[in-house]
Amino acid sequence: MKAFISEHLDLIVAQLKSDQLLPEDFQPRIQIDNTKDKAHGDLACNLALMAAKPAGKKPRDLAEIIVQRLQANTDFCQKVSKMEIAGPGFINFFLSQATLTSVVSQVLEDEAFGQSNVGQGEKVQIEFVSANPTGPLHIGHGRGAAVGDCLSRLLEATGWQVTREFYYNDAGAQIDNLALSVQARAKGLGPEDASWPKDGYQGDYIVDVANSFLAGDTVIADDQQVTANADVNDLDAIRRFAVAFLRREQDLDLKAFGVAFDVYYLESSLYQEGLVEAAVKKLIDNGFTYEEGGALWLRTTDFGDDKDRVMRKTDGGYTYFVPDVAYHLNKWQRGFKKVINEQGADHHSTITRVRAGLQALKVDIPEGWPDYVLHQMVTVMRDGEEVKISKRAGSYVTLRDLIDEVGCDATRYFLAARAPSSQLTFDIDLARSQTNDNPVYYIQYAHARLASVARQAEEKGYSWSEKATECLAQLNTDQEQAVLNLLARFPEVVKKAARELEPHQIAQYLRDLAAAMHSWYNANQFLVEDAQVRTARLMLAAATRKVLAKGLDLLGVTAPDSM
RNA sequence: GCGCCUAUAGCUCAAUCGGAUAGAGCAACGCCCUUCUAAGGCGUAGGUUGCAGGUUCGAUUCCUGCUGGGCGCGCCA
């Protein structure tokens with residue numbers, strides 16, 4: 001509908017230009033907004049405000065001219081029943097009843113309602129979580145999982161071909177530390193012993209890994225199968241087993257969270273396939289490196305960094321961002337013109353380095369590539385006190401804890417319902433309480449109520465057809481109009497959330513829609529005697545239920561038929 | 001010291017690439033279950049949008065400078 005009005009306004013602008021009321025070079029970005037206040041109609045436009053100065057007229061006078069010309073168009077007036085000039089010069093559009101209710105049949109008939117083709121089938125890769133296999137996933141990973149998966153769903157809904165990818169370091173110093181820690185536990189040592197590895201992982205899960213290793217267990221993860229040989233002196237075997245064990249554990253957590261990946265990418269494979277060496281050679285050949293103090297440096301300051309960065313340490317090993325550059329070159333070469341990295345804001349300093357490295361490769365990668373979505377830190381509260389997140393201390397709140405205590409739906413909703421750029425306080429006590437403090441229940445309850453209405457309509461033999469559009473004129477209460485307006489907004493909300501990479505906009509929308517539904521439910525009885533009214537309400541109820549379910553699905557939250 | 005994020009009602013958060021009177025939930029108070037699920041609804045109260053400037057018809061939004069909070073600033077990842 002916005003597009004419809006926008007097209008007509010474009011025509012008006014063209015007319016005004018040819019009538020010399022507007023300068024030829026005037027290029028307005030015509031903005032059609034949803035109104036906050038119903039008194040302002042359904043949609044509002046600021047064209048007269050934008051064009052007033054170029055036209056040399058008062059905004060309200062110009063608005064008057066625009067409205068007159070629109071009123072001359074009968075096609076337009078069929079869809080827009082009334083126009084008003086308001087405030088400094090807004091033009092408010094009141095949609096006709098037929099226009100307002102048309103969304104009901106759209107929703108009921110179009111299984112793809114809300115979807116669009118903005119992405120035009122282009123490939124996009126979303127890398128998220130990417131936790132190292134040194135322990136169970138913590139709540140920060142949970143936020144990454146929730147946001148990353150919702151972004152994936154949003155982009156799928158807007159016509160992109162999405163690859164979900166998980167990258168992990170299976171070979172670095174932290175993995176050595178992991179292996180040493182497991183070995184120490186296998187030998188019966190604890191953190192209190194003198195020979196306990198320096199900075200060893202102290203969490204209880206290390207004991208589990210050690211016991212499983214000693215028991216000769218077999219674990220399967222990421223298409224690899226590892227059987228423990230129970231030899232506490234075989235550090236290499238311990239390393240392989242520990243990585244597989246923890247990867248399996250992480251995958252079970254992610255599965256319980258409703259998140260699945262298409263690709264698991266191992267840092268070690270970058271070395272095995274020579275991609276790191278190839279990238280380094282290219283950087284050297286391109287002249288962006290120099291040797292100093294026995295190390296090899298990349299001149300990242302050429303690309304906006306505040307100082308140059310070491311690529312190859314004096315011990316011959318590469319610093320972490322070098323394989324990162326090789327990895328992203330590989331992403332590019334796999335044909336991903338659009339890549340989104342969802343990661344914790346504590347790693348934001350890598351962005352400049354990776355982008356600098358990619359530019360220095362000189363392979364025509366665009367300057368701002370790839371995109372990043374950074375989520376801020378999550379603070380966990382329990383019993384009114386902050387629970388510290390520390391991977392090495394082993395006393396952090398795991399994603400598994402949350403899923404077990406709070407439930408998958410509520411956890412996903414809480415972690416995705418806030419802007420990623422905002423810090424998040426996760427109050428476990430609040431989230432796990434079975435009271436109505438929990439906003440996800442509010443939305444799910446709206447869905448369950450509508451499902452219940454549908455059941456009872458069926459029991460009473462109140463059948464209806466999706467084609468009964470003539471009944472829709474009966475939808476004239478304030479509450480029904482509010483629901484209709486919100487339903488019509490759904491496609492643009494999905495598009496906007498996808499464009500701005502902000503899943504929380506969906507959560508916000510769903511809350512609004514649920515609120516409108518609950519108000520309606522309380523104000524109007526659905527299963528009334530009047531067949532016309534009843535059918536209209538059942539149709540709107542079915543459409544609302546469908547959109548609630550679609551929205552919840554974008555968040556990865558279930559839409560229960562009863563609660 | 002430098003970089004990124006952030007500051008909105010008592011609390012947790014929204015606010016459409018700058019729009020009209022800044023909105024929800026929780027907490028507080030008052031109502032509504034003989035009616036399709038009260039995990040609900042209706043109403044009241046609650047604000048100098050951290051501070052000071054600037055840009056403009058219009059600023060929570062953009063710019064500058066302060067102040068407070070978080071994260072980062074390693075030949076760790």
Side-chain angles (χ1 to χ4, degrees), chain A residues 29 31-37 39-40 44 46 49-50 52-53 58-59 86-90 92 130 132 134 169 172-175 177 199 267 293-297 305-307 309-321 323-324 344-352 374-377 379 417-425 427 430 434-442 444-446 448-457 459-460 479 489 492-493 496 499-500 504-505 507-509 511-512 514-515 517-528 537-538 541 562-563:
Chain A
R29 192 173 54 76
Q31 198 176 324
I32 317 279
D33 286 324
N34 302 294
T35 53
K36 291 174 187 163
D37 188 342
H40 296 146
N46 64 351
L49 291 165
M50 309 278 290
K53 197 170 248 182
K58 289 179 187 167
F90 290 103
N92 294 334
S130 293
N132 283 342
T134 53
N169 170 359
Q174 295 194 29
I175 299 297
N177 190 14
D199 298 325
E267 185 180 9
L296 182 68
W297 296 69
D305 205 351
D306 55 352
K307 53 183 152 182
R309 305 292 169 175
V310 169
M311 290 172 61
R312 191 170 57 221
K313 299 178 279 186
T314 49
D315 70 3
Y318 292 111
T319 55
Y320 69 91
F321 88 92
D324 246 23
D346 54 338
H347 284 191
H348 83 267
S349 60
T350 66
I351 297 174
T352 311
L374 301 179
H375 64 259
Q376 294 293 321
M377 299 294 95
T379 306
R418 309 242 186 294
S421 60
S422 288
Q423 289 167 46
L424 171 61
T425 302
D427 186 332
L430 181 74
Q434 289 294 314
T435 68
N436 57 357
D437 295 345
N438 216 327
V440 67
Y441 291 146
Y442 182 84
Q444 290 182 316
Y445 184 43
R449 273 182 148 179
L450 293 173
S452 176
V453 168
R455 278 195 300 272
Q456 303 205 23
E459 284 168 17
K460 293 182 179 178
Q479 291 80 7
R489 284 195 53 194
E492 75 188 66
V493 168
K496 183 166 176 290
R499 184 177 69 239
E500 298 180 357
H504 78 280
Q505 294 185 16
Q508 191 69 26
Y509 168 81
R511 230 219 70 84
D512 290 345
M517 179 273 151
H518 284 306
S519 286
W520 177 41
Y521 183 95
N522 276 288
N524 299 117
Q525 182 83 15
F526 295 3
L527 303 177
V528 293
R537 288 181 177 167
L538 284 173
S562 66
M563 292 178 72

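Every chain is numbered from 1, with letters handed out A, B, ... down the list of sequences. As a basis for the values below, the full set of heavy atoms in this structure was taken, side chains included, without hydrogen atoms, waters or symmetry mates.
For Asp346(A), whose side chain is taken as the heavy atoms from C-beta onward, the closest listed nucleotide among G19(B), G72(B), C5(B) is G72(B).
Under the Watson-Crick or G-U wobble criterion, with both distances below 3.5 Å, G1(B) is paired with C73(B). Pairing for A7(B) goes to U67(B), judged as Watson-Crick or G-U wobble with the two contacts each under 3.5 Å. Pairing for C62(B) is with G54(B), a Watson-Crick or G-U wobble pair whose two hydrogen-bonding atom distances lie under 3.5 Å. Remark: G23(B) base-pairs with C13(B). Criterion, Watson-Crick or G-U wobble with two distances under 3.5 Å. In this entry U49(B) has no Watson-Crick or G-U wobble partner, no candidate having both defining distances under 3.5 Å.
The base of A14(B) does not come close enough to the side chain of His504(A) for any donor and acceptor atom to sit less than 3.5 Å apart. With hydrogens and angles ignored, a donor-acceptor pair closer than 3.5 Å exists between the side chain of Thr314(A) and the base of C75(B). Contact of Asn46(A) with G19(B) (side chain to base): a donor-acceptor pair of N or O atoms is detected under 3.5 Å. Checked by distance alone, Tyr320(A) brings a side-chain donor or acceptor within 3.5 Å of a matching partner on the base of A77(B). Side-chain atoms of His348(A) come within donor-acceptor range of the base of G3(B), with a qualifying N/O pair under 3.5 Å. A donor and an acceptor atom never sit less than 3.5 Å apart when one is taken from the side chain of Asp512(A) and the other from the base of A15(B).
With Thr319(A) contributing its side chain and Val310(A) its backbone, the two residues share a donor-acceptor pair below 3.5 Å. Side chain of Asp199(A) to main chain of Asn177(A): no donor-acceptor pair is present (N/O by atom type, distance under 3.5 Å, no hydrogens or angles).
Using a 4.0 Å heavy-atom distance criterion, Lys36(A) is classed as a base contact. Residue contacts shown for Ser519(A) are limited to sugar-phosphate atoms, with no base heavy atom under 4.0 Å away. Residue-level contact check: Gly89(A) touches neither bases nor backbone, having no heavy atom under 4.0 Å from any strand. Within 4.0 Å (heavy atoms only), Tyr521(A) reaches at least one base atom of the nucleic acid. Across all strands shown, Thr425(A) has heavy atoms under 4.0 Å from sugar-phosphate atoms exclusively, and none from any base. Within 4.0 Å (heavy atoms only), Ala86(A) reaches at least one base atom of the nucleic acid. Nucleic acid contact for Gln456(A): sugar-phosphate only, since backbone atoms but no base atoms lie under 4.0 Å from a heavy atom of the residue. Nucleic acid contact class of Ala44(A) (heavy atoms, under 4.0 Å, all strands): base. Nucleic acid contact for Gln508(A): sugar-phosphate only, since backbone atoms but no base atoms lie under 4.0 Å from a heavy atom of the residue.
For C13(B), the base is anti relative to its sugar; the glycosidic angle deviates from 0 by more than 90°.
On the P atoms, G65(B) is 9 Å away from G3(B), given to the nearest whole Å.
Residue Ala419(A) is the one, among Ala419(A) and Asn524(A), whose nearest nucleotide of RNA chain B lies closer to the 5' end (criterion: closest heavy atom).
Contact check, Arg449(A) against A39(B): no side-chain N or O comes under 4.0 Å of OP1 or OP2.
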